[in-house]
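Data block below; observations after.
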Amino acid sequence: MDYQFRDIEKRWQKFWAENQTFKVDNSSAKPKYYVLDMFPYPSGAGLHVGHPLGYIASDIFARYKRLKGFNVLHPMGYDSFGLPAEQYAIQTGQHPAITTETNINRYREQLDNLGFSFDWSREVRTSDPDYYKWTQWIFMQLFNSWYNLESNKAESIDELIKIFENSGTAGLKAVCDDDVCIFSAEEWKELPDTEKQTELLKYRLTYLRESTVNWCPALGTVLANDEVKDGYSERGGYPVEQKKMMQWSMRITAYADRLLQGLDGIDWPDPLKEMQRNWIGKSVGALVRFGLTPGSYPGSLSFGEGRGEAFIEVFTTRVDTIYGATFLVIAPEHEYVAGLTTPEQETEILNYIDQTKKKTELDRMADTKTVSGAFTGSYARHPITNEPIPIWIADYVLAGYGTGAVMAVPSGDQRDWLFATKFGLPIVAISDAQTNLDKEADSTKEGHYINSGIINGLKYKEATTTLITKLEELGAGKAKVNFRLRDAIFGRQRYWGEPVPVYFKDGLPYLIDREDLPLVLPEVDKYLPTESGEPPLGRADNWKYKDDLEYELSTMPGWAGSSWYWYRYMASQEDRKQDTFAPAEAISYWKDVDLYIGGSEHATGHLLYSRFWNKFLKDLGYVVEEEPFKKLINQGMIQGRSNFVYRIIDEEGRGTNKFVSNGLKSQYTTSALHVDVNIVMNEILDLEKFKAFRPEFANAEFILENGKYICGVEVEKMSKSKFNVVSPDDIIERFGADTLRMYEMFLGPLEQSKPWNTNGIEGVFKFLRKFWKLFHDDEFNFNVSDEEPSKAEYKALHKIIRKVEEDIERFSFNTSVSSFMICVNELTDLKCNKRKILQDLVIVLAPYAPHITEELWSLLGNAPGKLSVAAYPQFNPEYLVENEFSYPVSVNGKTRMNLNISLSLSQAEVEEIIHANEDLKKYLEGKNIKKIIFVKGKIINLVV
RNA sequence: GCUCGGAUGGUGGAACUGGUAGACACGCAGGACUUAAAAUCCUGUUCGCCCUAAAGCGAGUGCGGGUUCGAUUCCCGCUCCGAGUACCA
């Protein structure tokens with residue numbers, strides 16, 4: 001029989017499922033290897049051909065590692081909470097759980113058709129109560145923890161209470177809110193319980209606090225920073241505004257430094273690490289206080305009382321430029337603005353604030369060129385020179401970063417320079433290396449300081465340390481590290497997410513008892529906010545803890561369930577009966593993910609949150625590794641490739657039913673129409689299928705070139721409306737899963753983005769048929785010989801054994817597909833049907849094309865299903881040893897001819913051959929050979 | 001603006017530490033088999049020059065320069081495309 005891929009693939013997929021071929025144990029004499037894919041959100045559209053790219057790569061890797069003798073954990077699951085199912089529920093009333101279930105079944109079918117070697121017994125679904133029980137449990141651990149900067153890790157809140165009881169806040173180094181109280185042990189003990197709880201909330205790693213959030217009215221929920229793109233929601237593209245709300249947050253900032261440092265030790269793509277570094281945004285600098293002498297401003301600022309004079313605190317990364325600070329700028333939202341504004345300036349300031357408020361986030365971003373601001377009328381004192389410094393407000397200073405106030409150094413900072421120039425403020429040079437100050441600012445760190453009091457004549461490094469010491473002496477400043485990273489908002493006013501396991505008493509949040517987990521999502525009549533604007537959970541009947549206390553109505557964000565899921569996979573079905581998210585033995589066996597494959601769009605979301613939760617769980621001793629994902633590969637995005645037909649437009653500008661081929665379209669007035677890519681092959685339109693594509697095309701006429709209708713091409717996002725979605729199901733139906741797997745790899749480097757193009761898939765299909773043919777005679781009878789292979793046959797085999805090893809280890813899957821083709825072409829030419837060659841070749845190819853190789857493996861008489869645990873053949877370099885090499889001989893770097901020369905010869909002997917060679921003479925034309933470059937096994941180059 | 005990628009035939013791409021540029025495949029052209037088509041197989045296919053072929057010559061990895069016996073690969077300067085990020089003090 002010819003290669004019957006449909007029958008073979010179905011049969012082996014069934015065999016693997018029935019025999020649980022890829023089920024893995026949590027213990028083994030073999031070394032462990034954990035290969036993980038980013039689990040999908042099961043969307044209603046199903047998988048398109050771009051989705052499996054990463055899964056195919058990871059499956060090849062997992063299968064290869066099994067052959068190499070590893071105990072491989074390779075699981076799959078679903079990130080099944082999310083907005084689309086809920087939006088669908090709002091429109092149709094269908095419960096999101098039902099939609100999700102349907103979509104998951106469809107995904108599963110599609111994944112099964114690709115022949116992946118997942119251990120499905122370990123599947124997880126984040127929306128499953130047995131799973132989100134543990135998401136809620138982790139939330140509870142975070143609530144019960146604080147971050148101790150002394151030990152530099154998270155500790156139990158009970159420890160903090162003990163500290164308060166023993167010594168109050170004295171000497172405490174903790175990550176906490178800015179407004180924590182200072183108290184002694186005695187004062188603490190005197191506090192009523194509600195106040196104790198209020199205070200503790202300021203330390204908890206997940207906490208409730210009034211904060212400015214990204215509110216999306218259209219979605220009716222808050223969004224995290226990474227879910228907002230250019231002022232619009234990432235999902236749906238709705239406008240997002242800033243709003244103050246009581247919100248659950250995660251104190252990820254406590255881990256900022258560890259998240260930054262951890263990047264150095266992990267094998268991730270550099271651009272991705274760089275994105276995380278930028279997102280964390282560490283800047284090293286100083287906090288400096290500019291004093292406000294009582295009477296120098298009109299308002300009565302109460303903030304300084306009892307603690308010395310009032311001051312404005314600024315953050316700067318260039319404390320060395322402090323002598324160049326000629327004014328201060330504070331954000332329009334800064335809390336002192338009202339207190340600092342003099343009566344004369346009041347109108348101007350109020351106008352300016354008004355103006356700023358009207359600007360949307362987007363305007364503010366787009367319009368970075370216009371300089372605007374207003375003078376408060378008040379002055380602060382320079383901390384070192386005591387000179388009076390005017391205080392301005394301007395919207396280029398952001399309330400949310402640093403202290404919301406900056407010292408403006410117009411000679412060293414371009415924005416400050418523009419501001420000073422516009423408003424006529426002084427620009428003072430501070431370095432002898434500064435040039436062109438009348439044209440622009442110069443932020444150089446070179447040169448020696450001038451006009452700079454105690455640092456005159458010094459260079460950058462000494463100046464900085466000198467100043468910080470001085471400021472500390474004066475009590476006017478200190479070194480400070482600032483991060484751009486904000487705490488992560490954790491609540492969503494949505495239905496389809498994990499309920500927060502919290503109830504309220506006297507307005508304060510308390511955790512439910514652990515025994516009451518999971519807190520199961522209640523039924524609601526509608527998936528919309530309540531009439532009073534409460535989240536959908538407010539609609540649930542009797543949604544009260546112990547029938548009495550109000551539950552939290554927000555649910556958790558999409559990233560909650562995905563921030564720890566790789567640990568749940570470590571728990572087998574048996575393990576999941578235990579009362580733990582994963583047994584300690586399983587965690588200490590699997591430890592971490594050795595290889596993680598997924599898209600780079602998760603750089604500042606999932607991949608950062610996961611690292612945060614992992615570090616937290618490590619602090620508490622539940623997991624063993626500081627970093628969860630040792631090696632990470634970003635697969636490229638597969639874009640769509642749209643095809644177009646060109647409809648001719650008549651004189652009146654109406655579309656006709658006549659279509660012109662791409663090459664001739666310039667001779668007519670046309671409009672381009674998307675045409676379904678599935679009826680186009682190699683840009684040639686299938687005319688009959690086109691006529692059937694839509695009723696109005698049934699009588700379409702065509703103007704052809706060379707008898708064919710050639711379509712236009714453009715690269716766009718893959719989407720239904722562009723008719724460029726290619727489904728893996730169709731490809732598998734036509735060519736089989738093995739062909740699809742190999743073709744997706746053959747398309748190009750894994751990490752590179754590329755448009756999907758079905759042109760060329762036949763090359764891979766032909767390859768598999770040729771491979772099948774090696775094992776069969778012309779009548780397709782299985783025909784394998786036990787004869788001893790020739791040297792050439794061994795050579796072909798061992799070349800591929802080594803090549804595939806090298807390629808897989810460096811994730812270069814496309815090149816090994818080429819090499820397989822070369823190998824099969826060679827063996828076909830050699831008419832090789834020797835078992836000793838073919839059996840090993842079956843093993844080497846198995847990770848790429850698992851179905852056809854399983855079939856041939858059992859046809860060769862081996863135990864069915866044991867291919868996946870066969871041993872990868874041992875590479876023997878002896879078969880590749882050559883004693884002659886065809887040297888390219890070049891003259892002045894230009895290759896002229898090839899010469900077969902024994903590899904054992906020395907340079908002197910080779911030179912002799914060169915000098916004696918007649919054919920070379922014509923290239924020399926009497927010129928003298930100055931030098932002969934000879935690289936053994938590579939090249940001979942004559943310099944003349 | 002800043003950061004990070006990338007640019008090689010008609011197309012996808014290969015060339016791993018500087019050593020024969022264009023592997024492998026698609027497409028295209030021609031041929032064999034066939035009544036015909038499909039399938040399969042064979043030959044050619046970077047561009048230019050030479051009537052054609054063989055042979056040969058010249059150019060050639062976005063552009064300009066450099067290092068080197070030798071550069072797709074290393075260095076400097078630019079152009080274009082893509083991604084991320086943005087008054088971050």
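Within every chain, numbering begins at 1; the chains are lettered A, B, ... in the order of the sequence lines, protein sequences first and strands thereafter.
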Side chain of A/I939 (C-beta onward), nearest among B/rC16, B/rC24, B/rG19: B/rG19
A/E805 bridged to A/R802 by N-O distance under 4.0 Å: no
Restricting to nitrogen or oxygen on both sides, can you table the protein-nucleotides 66-69 of chain B pairs closer than 3.5 Å?
unit_1: B/rC69; atom_1: O2'; unit_2: A/N941; atom_2: ND2; d: 3.2
unit_1: B/rC69; atom_1: O2; unit_2: A/N941; atom_2: ND2; d: 2.6

Partner of A/E826 by salt bridge (charged side-chain N to carboxylate O under 4.0 Å, His left out), out of A/K799, A/K795, A/K770: A/K799
Whole-Å distance separating the NZ atom of A/K754 from the P atom of B/rA14: 9 Å
Base partner of B/rA83, which must satisfy Watson-Crick or wobble distances under 3.5 Å: B/rU3
B/rC88 - base-pair partner by Watson-Crick or wobble geometry, distances under 3.5 Å: none
Short side-chain N/O contact from A/Q752 to OP1 or OP2 of B/rG13, under 4.0 Å: yes
A/V764 side chain reached by A/M821 side chain, heavy atoms, under 4.5 Å: yes
Among B/rC24, B/rU85, B/rA89, the one nearest A/W279 by side-chain distance: B/rU85
P-based separation of B/rA21 from B/rG62 [nearest Å]: 16 Å
Nearest-angstrom distance, P atom, B/rG58 to B/rG31: 34 Å
With the criterion being N/O to N/O and under 3.5 Å, what pairs connect the protein with nucleotides 39-46 of chain B, and how long is each?
none

Touch class at under 4.0 angstrom, heavy-atom based, for A/F767 against every strand present: nothing
Spacing of A/D807 atom CG relative to B/rA23 atom C1', expressed in whole Å: 13 Å
Length of the CG-P vector between A/N634 and B/rA83, whole Å: 15 Å
Sugar-phosphate, base or nothing in reach of A/P888, heavy atoms under 4.0 Å: base
Euclidean distance for C1', B/rG18 against B/rG10 (whole angstrom): 31 Å
Rounded distance in Å between the P positions of B/rA54 and B/rG60: 24 Å
Watson-Crick or G-U wobble partner of B/rA14, both distances under 3.5 Å: none
Nearest-Å distance for atom pair CG/P, residues A/L398 and B/rU85: 17 Å
Side-chain ion pair, A/D778 and A/K773, N-O less than 4.0 Å: yes
N or O in side chain of A/R484 less than 4.0 angstrom from B/rU85 OP1/OP2: no
Base-pairing mate for B/rC50 - Watson-Crick or G-U, with both contacts under 3.5 Å: none
Pair A/N482-A/S283, side-chain donor/acceptor within less than 3.5 Å: no
Side chain proximity check, A/Y396 to A/D416, heavy atoms < 4.5 angstrom: yes
Touch class at under 4.0 angstrom, heavy-atom based, for A/K773 against every strand present: nothing
Complementary nucleotide for B/rG70 - Watson-Crick or wobble, under 3.5 Å: none
Whole-Å P distance, B/rC69 and B/rA14: 31 Å
Minimum-distance pair of heavy atoms, taken over all atoms of A/L328 and A/M407: CD2-CA, 3.6 Å
Minimum heavy-atom distance A/V337-A/A331, with the two atoms named: CG2-O, 3.6 Å
Residues A/Y3 and A/T739: side-chain donor-acceptor under 3.5 angstrom: no
P spacing across the pair B/rA86 / B/rG66, given as an integer number of angstrom: 42 Å
Over all atoms of both residues, closest heavy-atom pair of A/F746 and A/S818: CE1-OG, 3.6 Å
Spacing of A/F820 atom CZ relative to B/rA23 atom C1', expressed in whole Å: 16 Å
Watson-Crick/G-U partner (both atom distances under 3.5 Å) of B/rA32: B/rU40
In B/rG31, glycosidic geometry as syn within 90° of 0 or anti otherwise: anti
Atom C1', compared across B/rG56 and B/rC50: separation rounded to whole Å: 9 Å
Nearest-nucleotide pick for A/P749, side chain only, options being B/rA89, B/rC24, B/rA14: B/rA14
Under-3.5 Å donor-acceptor pair between A/N825 side chain and B/rC24 base: no
Backbone of A/F780 reached by a side-chain donor or acceptor of A/D777 within 3.5 Å: yes
B/rU20: pairing nucleotide in any strand, Watson-Crick or G-U under 3.5 angstrom: none
Candidates B/rC26, B/rC4, B/rC87 - which lies nearest the side chain of A/Y396: B/rC87
Length of the line joining A/D395:CG and B/rA89:C1', which is rounded to integer Å: 14 Å
Distance test, side-chain N/O of A/N814 to OP1/OP2 of B/rA14, below 4.0 Å: yes
Separation between the P atoms of B/rG27 and B/rC78, rounded to whole Å: 43 Å
Test: A/R277 and A/D264 ion pair at under 4.0 Å: yes
Watson-Crick or G-U wobble partner of B/rG60, both distances under 3.5 Å: none
